Amino acid sequence: MGYLTAKQFSEIWGITERRIIKLCKENRIHGAIKNGMVWEIPEDTLKPSDRRSNIYKYIHIPKKIMIVNSNKDWKAYLEECIEKEGYIVEYEEIEEIQDNLESLSQYYEGLIYFAKQHMNKEEENFVIDFADKLHSESSIVIVDDNTDKRNPIEKKLAETFRNEIGLRINTLLLDIPKDKQCIVNEHEIVEDIVEILLRLKNTTGMAIKTDGGKIEFGENGKTENLEIGTFYKALNHCFRRLNKESYLWCASTMLEDEWTEEPQEMKFRQINLEVANRGVNVERIFIFSKDKIKEFKQNKTLKIYMQSNIKTLYVDYDEIKEKEPKLLEIVGAGWDGIDKEILIADLPEGMKERGYISKNQKEVMEAYTCFQKLKTYSKNLKEVLK
């Protein structure tokens with residue numbers, strides 16, 4: 001394949017060289033590359049449509065995805081993920097549109113439907129009717145609870161949709177108990193939905209199960225002791241949910257092998273910094289003896305934290321041990337508190353498990369009160385380690 005200059009194409013297309021250069025800069029001429037001061041264009045390139053023309057408007061119909069009955073906690077991230085792929089997102093509730101489908105746009109690239117009644121006949125009929133607005137490249141994703149009572153719509157409709165329209169229909173089953181308190185990673189579920197919607201091009205009639213990384217709380221408001229991988233995943237998920245109204249308060253007893261360069265700790269460090277940069281109010285108390293000051297001056301994690309928006313404080317371990325040893329018992333191996341609602345507690349060194357998460361209000365408030373008391377003994381870590 002050869003290349004021609006903008007000047008040469010101006011004679012072929014009957015428009016000025018200046019206009020062609022402008023189209024190149026706007027990335028509207030496919031394959032055009034700039035070589036020094038000269039734009040080179042593949043010789044078989046078609047003239048781009050005028051944006052004012054009906055042809056341009058017809059070719060560039062907005063790519064829309066309809067989302068019905070979306071969980072409000074997932075809506076923002078769903079929109080972010082889908083728009084990142086170049087689509088426009090519309091949201092509706094089934095009650096608002098099932099009898100007025102004609103009022104919607106004529107064309108859609110896909111449908112994400114959150115089941116309300118395990119895809120009863122009424123919901124099934126809605127999906128069938130909505131399919132008239134889809135084409136052979138479209139995809140439908142049903143999000144439903146994992147239960148024996150559900151209507152396996154993906155199996156019932158897959159062959160019909162594939163043969164008559166060419167579109168795909170798959171289901172994401174949420175294996176998450178309704179009768180128990182859980183931590184669920186909605187971000188991972190949303191990413192699975194988008195993956196099924198846009199990328200599983202040659203699959204239809206599938207039901208894929210996910211538990212969203214669920215972690216259940218017991219009757220005492222605590223999770224079981226969590227092993228390393230599960231603990232960090234839950235910890236990172238909790239941190240990502242924080243916003244400018246959140247208060248993250250943390251106490252760490254600086255052990256010999258703490259704040260290492262291991263991948264888990266590096267990722268945890270990164271998420272801490274991201275949280276602070278989002279405007280979350282973050283306070284961290286580091287508890288260690290004065291004779292460790294010289295050693296911790298070289299600690300990379302402390303250096304990075306002190307350069308961030310995190311408020312870093314120092315408390316002398318020996319002073320607390322002498323004056324209020326009960327506080328050290330409460331701190332234990334350390335914890336991260338979120339507002340006055342969640343405590344993410346470390347377990348002592350040497351245990352197989354890494355920590356646990358608590359919503360037990362008595363435990364959370366005891367730790368919160370302890371933290372505020374420790375602050376009365378604290379000094380600015382930057383001043384201590386300078």
Side-chain angles (χ1 to χ4, degrees), residues 26-28 30 46 48-49 51 53-72 74-116 119 123-144 153-174 186-208 210:
E26 292 175 351
N27 295 319
R28 291 181 57 199
H30 182 70
L46 297 176
S49 303
R51 285 180 172 171
S53 71
N54 288 331
I55 292 176
Y56 179 88
K57 293 174 183 176
Y58 186 81
I59 294 173
H60 293 84
I61 295 173
K63 299 192 301 181
K64 295 183 179 181
I65 301 291
M66 172 59 76
I67 302 176
V68 180
N69 303 334
S70 172
N71 184 317
K72 65 180 181 179
W74 303 1
K75 188 177 290 186
Y77 194 59
L78 254 177
E79 183 174 352
E80 178 187 335
C81 289
I82 293 173
E83 289 186 347
K84 193 180 293 182
E85 300 284 346
Y87 296 86
I88 295 171
V89 177
E90 292 184 5
Y91 299 102
E92 295 287 353
E93 295 293 319
I94 187 172
E95 295 83 3
E96 298 172 3
I97 60 172
Q98 60 186 147
D99 296 324
N100 298 291
L101 285 177
E102 68 279 358
S103 65
L104 301 176
S105 300
Q106 189 172 355
Y107 304 108
Y108 287 86
E109 301 294 316
L111 167 68
I112 300 173
Y113 186 85
F114 288 80
K116 283 197 166 186
M119 297 308 299
E123 292 180 289
E124 179 182 326
N125 289 337
F126 168 79
V127 171
I128 293 171
D129 292 340
F130 193 91
D132 289 339
K133 295 181 176 293
L134 303 173
H135 53 75
S136 61
E137 297 297 316
S138 301
S139 172
I140 296 174
V141 177
I142 308 298
V143 184
D144 201 354
I153 187 173
E154 71 285 346
K155 292 182 180 178
K156 293 174 65 176
L157 301 180
E159 185 174 355
T160 299
F161 281 166
R162 181 178 57 209
N163 293 339
E164 295 183 3
I165 304 173
L167 67 82
R168 298 168 288 125
I169 179 169
N170 295 298
T171 296
L172 183 66
L173 298 176
L174 305 181
E186 294 94 349
H187 280 197
E188 290 190 358
I189 295 175
V190 165
E191 288 165 3
D192 285 343
I193 293 171
V194 175
E195 191 74 19
I196 296 170
L197 180 76
L198 301 179
R199 276 177 269 282
L200 299 185
K201 294 295 186 181
N202 298 302
T203 61
T204 191
M206 290 198 316
I208 302 171
T210 178

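Computed from a predicted structure; not experimentally measured.
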To the nearest 0.5 Å, what is the distance between [atom1] on [X] and [atom2] on [Y]?
X    : Y    : atom1 : atom2 : value
I189 : W74  : CD1   : CH2   : 4.0 Å
R168 : E154 : CZ    : CD    : 14.5 Å
E79  : K84  : CD    : NZ    : 12.5 Å
L157 : I128 : CG    : CD1   : 5.0 Å
K63  : I82  : NZ    : CD1   : 12.0 Å

F126 and Y113: aromatic ring centres closer than 6.0 Å?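 Centroid distance F126-Y113: below 6.0 Å, so yes.
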Report the relative orientation of the aromatic rings in Y108 and F130; use parallel for angles under 30°, tilted for 30 to 60°, perpendicular for over 60°. tilted
Shortest non-hydrogen pair, L104 vs E92, comes out as CD2-OE2, 4.3 Å
Which pair of heavy atoms, one from I94 and one from N69, lies closest together, and at what distance?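 The pair with the smallest heavy-atom distance is N-OD1, 3.0 Å.
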Heavy-atom distance under 4.5 Å between the side chains of [X] and [Y], does that happen here?
X    : Y    : result
V89  : I67  : yes
I65  : E85  : no
F161 : I140 : yes

Do side-chain atoms of N170 reach the backbone of T203 as a donor and acceptor pair under 3.5 angstrom?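 Confirmed, N170 side chain pairs with T203 backbone.
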